[in-house]
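Accompanying notes for the structure given below.
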Amino acid sequence: MTDFFQTVGIAAGSWKLAIVLLIGLLFVTIADRKARR
Amino acid sequence: MYAGHIGIALGARRWTAAVPLWALIVAAQFPDWGDVAVCSIGITGPAHGMLTHSVPAVLIFAIVGGIATRVAANRWDAAKIVAILIISHYFADLFTGSKPTFPGMPGIGLELYGRPALDFILESAVILWGWWMYRSTFPPAKRNSPPIRAILIGLILFQAVADIAIAIIPRIEKC
């Protein structure tokens with residue numbers, strides 16, 4: 001059970017990194033689309 | 001490196017219009033996306049960095065990314081730029097952190113994350129260079145438009161928040 005929660009915790013941590021990466025990616029992509037209109 | 005990778009991707013836009021900007025950014029961030037995948041399956045410790053940020057790992061990513069771009073865009077020049085962007089991630093991270101080299105060998109790096117103010121100056125300079133190159137892909141009349149300015153301001157603010165977070169919590173674990 002501890003292993004299960006540890007694995008879930010690690011997966012949740014990886015989502016924080018994914019969100020940080022996505023914020024930059026989406027922000028610049030959307031601004032670029034607007035700039036090229 | 002955080003926002004600096006996006007700055008490098010913006011700079012690369014100057015040399016290729018064949019690859020969408022989002023794909024250039026993903027290429028520049030690629031080993032970090034590898035971290036997300038490796039963390040998600042529960043691999044931590046030294047093996048983690050070796051799988052995503054070592055010299056062999058980054059070279060494999062660059063070859064695969066280059067071939068994928070060659071197939072998708074049907075252009076070798078675009079494939080080379082994507083491969084170089086993926087490799088650039090490793091060299092950029094050598095300034096800010098300590099990265100693995102080869103299995104069994106020590107990591108190397110200047111570890112500027114230990115000096116967040118210096119990290120902010122370096123990454124802001126990289127962002128400014130990339131943004132300036134990116135800006136030159138627009139006709140002169142559009143170069144000062146609000147969305148183009150917002151990219152520079154937004155990325156520098158993003159980096160400032162990241163460096164403040166590093167200063168407050170020096171050991172932020174990726175997993």
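Letters A, B, ... are given to chains in the order of the sequence lines, protein chains preceding strands, and every chain is numbered from 1.
Residue contact with chain B, scored on non-hydrogen atoms closer than 4.5 Å, is absent for A/Ile19. For B/Leu10, the part lying near chain A is the side chain, with the backbone staying farther off; criterion is any non-hydrogen pair under 4.5 Å.
Most heavy-atom pairs under 4.5 Å with chain A, from the set B/Asp35, B/Val26, B/Leu155, B/Asp32: that is B/Asp32. The most heavy-atom pairs under 4.5 Å with chain A, out of B/Trp22, B/Tyr2, B/Phe158, B/Trp33, come from B/Trp33. Ranked by non-hydrogen atom pairs under 4.5 Å with chain B, the options A/Val20, A/Ile23, A/Leu25, A/Ile30 are led by A/Leu25.
Between A/Asp32 and B/Tyr134, the closest heavy-atom pair is OD1-OH, 2.5 Å. B/Val82 and B/Gly66 get closest at one heavy-atom pair: CG1-N, 4.5 Å. Shown here for B/Arg13 and B/Ala17, the closest heavy-atom pair between the two residues is NH1-CA, 3.1 Å.
B/Ile6 places none of its side-chain heavy atoms less than 4.5 Å from the side chain of A/Phe27. Using a 4.5 Å heavy-atom cutoff, the side chains of B/Glu123 and B/Met1 are in contact.
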